[in-house]
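To find a chain, count down the sequence lines: A is the first, B the second, and so on, and within it residues start at 1.
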There are 2 protein chains.
Amino acid sequence: MSRPTVNDIAREAGVSLATVDRVLNARPGVRDKTIFAVNEAIARLGYIRDMAAANLARSRRYRMAVFLPDGGGQFVQTVAAAMEEAAQQAAATRTEMTLIRYPAGDTHSLAALLAGVDPDEVAGVALMAPETPVLRDAVRALRHRAVPVVALASDLPNAGCDHFVGIDSRAAGRTAGVLMGRFLGNRPQRVAVLAETMLLRDAIERRRGFDEVMLADFATVDVLPTLETHGATEALRRGLAEVLSSTEIGGIYLLGSGHRALTAALEGMGLLGRVVVIGHELTLHSRSALQSGHIHAVIAQNPGHLARSTLRVLRAKADRAPIDEGQEQLRIDIVIRENLPD
Amino acid sequence: MSRPTVNDIAREAGVSLATVDRVLNARPGVRDKTIFAVNEAIARLGYIRDMAAANLARSRRYRMAVFLPDGGGQFVQTVAAAMEEAAQQAAATRTEMTLIRYPAGDTHSLAALLAGVDPDEVAGVALMAPETPVLRDAVRALRHRAVPVVALASDLPNAGCDHFVGIDSRAAGRTAGVLMGRFLGNRPQRVAVLAETMLLRDAIERRRGFDEVMLADFATVDVLPTLETHGATEALRRGLAEVLSSTEIGGIYLLGSGHRALTAALEGMGLLGRVVVIGHELTLHSRSALQSGHIHAVIAQNPGHLARSTLRVLRAKADRAPIDEGQEQLRIDIVIRENLPD
DNA sequence: ATGAATTTGAGGTGCGTACCTCATTTCGCA
DNA sequence: TGCGAAATGAGGTACGCACCTCAAATTCAT
């Protein structure tokens with residue numbers, strides 16, 4: 001009636017407790033035939049290992065290290081906060097987290113930090129960083145020392161991470177594209193595209209997805225080249241003014257962050273609310289811009305989910321346990337004023 | 001360095017283990033002064049009770065009962081499946097679930113089932129049901145017997161449930177309204193509204209939200225009265241044909257389920273993909289309709305999240321533990337073809 | 001101060017699992 | 001057939017906590 005225990009398995013398989021234990025924990029010294037018999041019994045009884053008791057017995061603690069760029073925009077701040085919160089929750093499952101900031105963009109520093117990670121101390125590493133050769137090697141080295149590594153928000157496809165927690169940037173860009181097209185009403189229009197920098201893989205992928213959709217489904221819309229602002233509000237204003245001097249604009253696609261600077265610039269030009277603005281990531285600024293109608297849609301990933309998923313995945317990897325793909329898949333959230341979460 | 005245990009608390013408070021235990025588990029026979037001292041020590045050391053070990057020692061199992069209507073549309077099926085999956089996951093935390101179907105709409109039967117729930121057997125109850133006086137009383141009685149009750153997907157505001165797991169229907173309707181208005185391009189248009197029945201609180205609330213937005217922000221759009229189909233494909237076809245004979249339709253808002261019947265009807269009329277269709281809930285049918293472009297947006301709640309949240313909340317209630325509001329809040333998902341999850 | 005009631009301490013057992021040691025059995029192979 | 005190696009069994013301790021019993025210490029009222 002109650003859940004079967006290791007003792008039941010031992011009895012059912014006709015072996016001793018020690019052998020069941022060896023099989024369960026993949027310890028050596030068991031014949032294949034016996035391993036099979038034990039697994040057979042496990043399947044027959046529908047045994048589910050009680051991870052709570054297991055971890056208790058191990059008196060194991062999972063110490064995870066999360067690396068985030070230190071400057072970072074609002075989004076990084078949001079993720080950091082979500083991480084802290086998730087960590088507090090995860091404490092109940094013997095999982096701890098250390099948040100480590102590295103100089104934004106300085107992947108050499110980050111690589112050095114990663115090289116200093118002690119596999120006996122740290123059960124897993126998560127990092128949000130642009131992909132560079134140095135970093136790729138550092139990740140490889142880490143994994144070689146049997147430390148699970150997951151990429152956060154921005155994928156590192158060639159570094160061989162164990163997992164990527166985040167959304168598909170290209171699909172996110174496509175989603176932004178469809179919304180832009182539909183919100184514009186498929187009339188002949190021009191759309192400006194703004195980005196702080198095109199160095200990050202994410203921005204490039206988003207732009208790709210956006211263009212794909214616009215080209216295929218909204219041919220009457222003319223998408224202008226990306227205007228890089230390098231984080232400078234003044235550059236944004238000037239660039240935007242220049243574009244506007246030569247042509248009319250129906251919509252603006254904000255590839256990365258910078259909601260605040262954009263709304264400021266638009267306000268100065270008296271364009272607030274008169275052009276369709278679509279951006280990425282839900283931050284304090286984009287929230288209020290959505291609320292006041294200055295931005296019309298934001299494509300986002302839930303930072304809370306991102307954080308919890310990160311810790312869960314790292315823990316699963318540390319346990320060499322399978323991960324629940326369904327639960328870990330991050331949704332591409334479309335946020336408008338009406339479905340803004342509290 | 002490691003997390004403090006009950007032993008640390010005992011030492012810190014200068015009392016014995018037994019006393020700490022009495023305080024922790026609210027057992028009688030401890031002076032107020034001592035209780036205070038122990039709580040003091042707990043606060044000082046930042047002790048967090050290891051619920052995993054606690055439940056292990058208690059050898060406690062959480063058996064939850066989930067009641068769903070038996071007929072139900074695709075959505076109920078989806079939720080049922082998600083529940084089973086969530087239950088499998090939750091098994092690792094000593095949480096079990098029994099799925100119980102009751103005759104759809106028959107709240108008397110459901111009330112009888114609830115009356116038969118044994119508080120010693122069942123640690124919590126979740127139910128998806130329309131609100132009726134009988135049911136309201138049944139829920140009250142259950143809660144009186146100290147069984148936590150949560151409402152699923154459809155709220156029971158006057159039954160005094162411990163929690164509601166689901167999205168705000170009115171906000172969902174508003175979201176649908178904004179999308180409809182924007183997708184129509186704010187041109188003079190007519191929108192038909194279809195529903196299987198308007199008896200469910202959800203449908204009414206959605207319609208309310210939809211109307212609010214249309215009236216306020218898209219005045220040029222004319223929203224027609226709700227066409228009730230009572231689940232009959234033929235009725236839907238006839239009703240739709242009638243509407244179309246007297247007027248042109250730019251969009252269709254599907255208040256509840258019935259994606260399949262609608263696309264069939266539209267196909268027969270050669271209207272597939274020529275009118276903006278917005279519906280609710282992501283099911284197998286609405287998925288494929290989205291994919292083929294027959295439906296343009298779906299307002300949904302994540303069934304997996306719904307299921308996991310339900311079990312988590314019930315467990316927290318059973319433990320009288322606080323719940324993480326942030327984690328339990330369900331998002332109003334906007335799903336279009338481009339952000340359709342796998 | 002005395003007896004009774006209340007509060008506290010000490011110690012044990014068990015929950016389901018990990019992990020260790022030391023026999024003992026079985027197997028593969030010469 | 002016998003030997004060494006590999007496989008298995010038996011039993012113990014520990015993890016953090018719940019819950020039990022019984023004795024000892026401390027109130028408290030009279």
Side-chain angles (χ1 to χ4, degrees), chain A residues 1-39 41-42 45-62 91-96 123 318-321, chain B residues 1-39 41-42 45-62 91-96 123 318-321:
Chain A
M1 206 80 304
S2 186
R3 247 172 61 176
T5 74
V6 275
N7 283 289
D8 301 320
I9 301 300
R11 201 176 327 111
E12 177 79 11
V15 300
S16 78
L17 210 64
T19 302
V20 173
D21 176 68
R22 288 178 184 116
V23 173
L24 278 178
N25 296 290
R27 267 185 276 276
V30 187
R31 265 179 307 170
D32 287 357
K33 210 170 71 176
T34 313
I35 294 182
F36 185 80
V38 171
N39 283 325
I42 288 176
L45 295 185
Y47 169 76
I48 305 168
R49 188 210 211 104
D50 186 334
M51 284 309 272
N55 288 323
L56 177 60
R58 273 196 189 102
S59 73
R60 169 162 192 183
R61 324 207 50 82
Y62 300 81
T93 60
R94 326 181 72 75
T95 305
E96 293 156 13
D319 280 341
R320 293 177 204 286
Chain B
M1 208 79 305
S2 186
R3 247 172 60 176
T5 75
V6 276
N7 283 289
D8 301 321
I9 302 299
R11 202 175 327 109
E12 178 78 12
V15 300
S16 79
L17 212 60
T19 301
V20 173
D21 176 67
R22 288 178 185 117
V23 173
L24 277 178
N25 297 289
R27 268 186 273 276
V30 186
R31 263 181 308 172
D32 287 357
K33 211 172 71 177
T34 314
I35 293 182
F36 185 80
V38 171
N39 283 326
I42 288 177
L45 295 185
Y47 169 76
I48 305 170
R49 187 208 208 103
D50 186 334
M51 283 309 270
N55 288 324
L56 177 60
R58 245 188 277 254
S59 75
R60 170 159 194 185
R61 327 203 51 79
Y62 300 81
T93 60
R94 327 180 69 76
T95 304
E96 293 157 13
D319 280 341
R320 294 176 202 287

Can you find a pair of side-chain heavy atoms, one from A:Val20 and one from A:Tyr47, that are under 4.5 Å apart?
no

Starting at the 5' end of DNA chain D, what dot-bracket string do you get if Watson-Crick and G-U pairs under 3.5 Å are bracketed, crossing pairs use [ ], other-strand pairs use | and unpaired bases use dots?
||||||||||||||||||||||||||||||

Is it the case that the side chain of B:Arg94 and the backbone of B:Arg60 share a donor-acceptor pair, with hydrogens and angles ignored and the cut-off at 3.5 Å?
yes

What's the spacing between B:Arg22 CZ and B:Ser16 OG if we round to 0.5 Å?
6.5 Å

Has the side chain of A:Asp21 got a donor or acceptor atom that lies under 3.5 Å from a matching backbone atom of A:Leu17?
no

Do A:Asn25 and A:Arg49 have side chains that get closer than 4.5 Å, going by heavy atoms?
yes

Working to the nearest 0.5 angstrom, can you tell me the gap between A:Ile42 CD1 and A:Ile48 CD1?
11.5 Å

For chain A, the stretch of DNA chain C it reaches, first to last nucleotide, under 4.0 Å of its heavy atoms
C:dG16 to C:dC27

Can you work out whether A:Lys33 or B:Val30 has the more 5'-proximal nearest nucleotide on DNA chain C?
B:Val30

CZ on A:Arg11 to OG1 on A:Thr5, rounded to 0.5 Å:
7.0 Å

Within this structure, what is the CG-CG distance for the pair A:Asn55 and B:Leu56, rounded to the nearest 0.5 Å?
11.5 Å

To the nearest 0.5 Å, what is the distance between CD on B:Glu12 and CD1 on B:Ile9?
7.5 Å

Exam field: side chain B:Asn39 to backbone B:Phe36, donor-acceptor pair closer than 3.5 Å:
no

Go along nucleotides 11-30 of chain D 5' to 3' and tag each nucleotide: B for a protein heavy atom under 4.0 Å from its base, S when only backbone or sugar atoms are that close, - otherwise.
----BBBBB-------S---

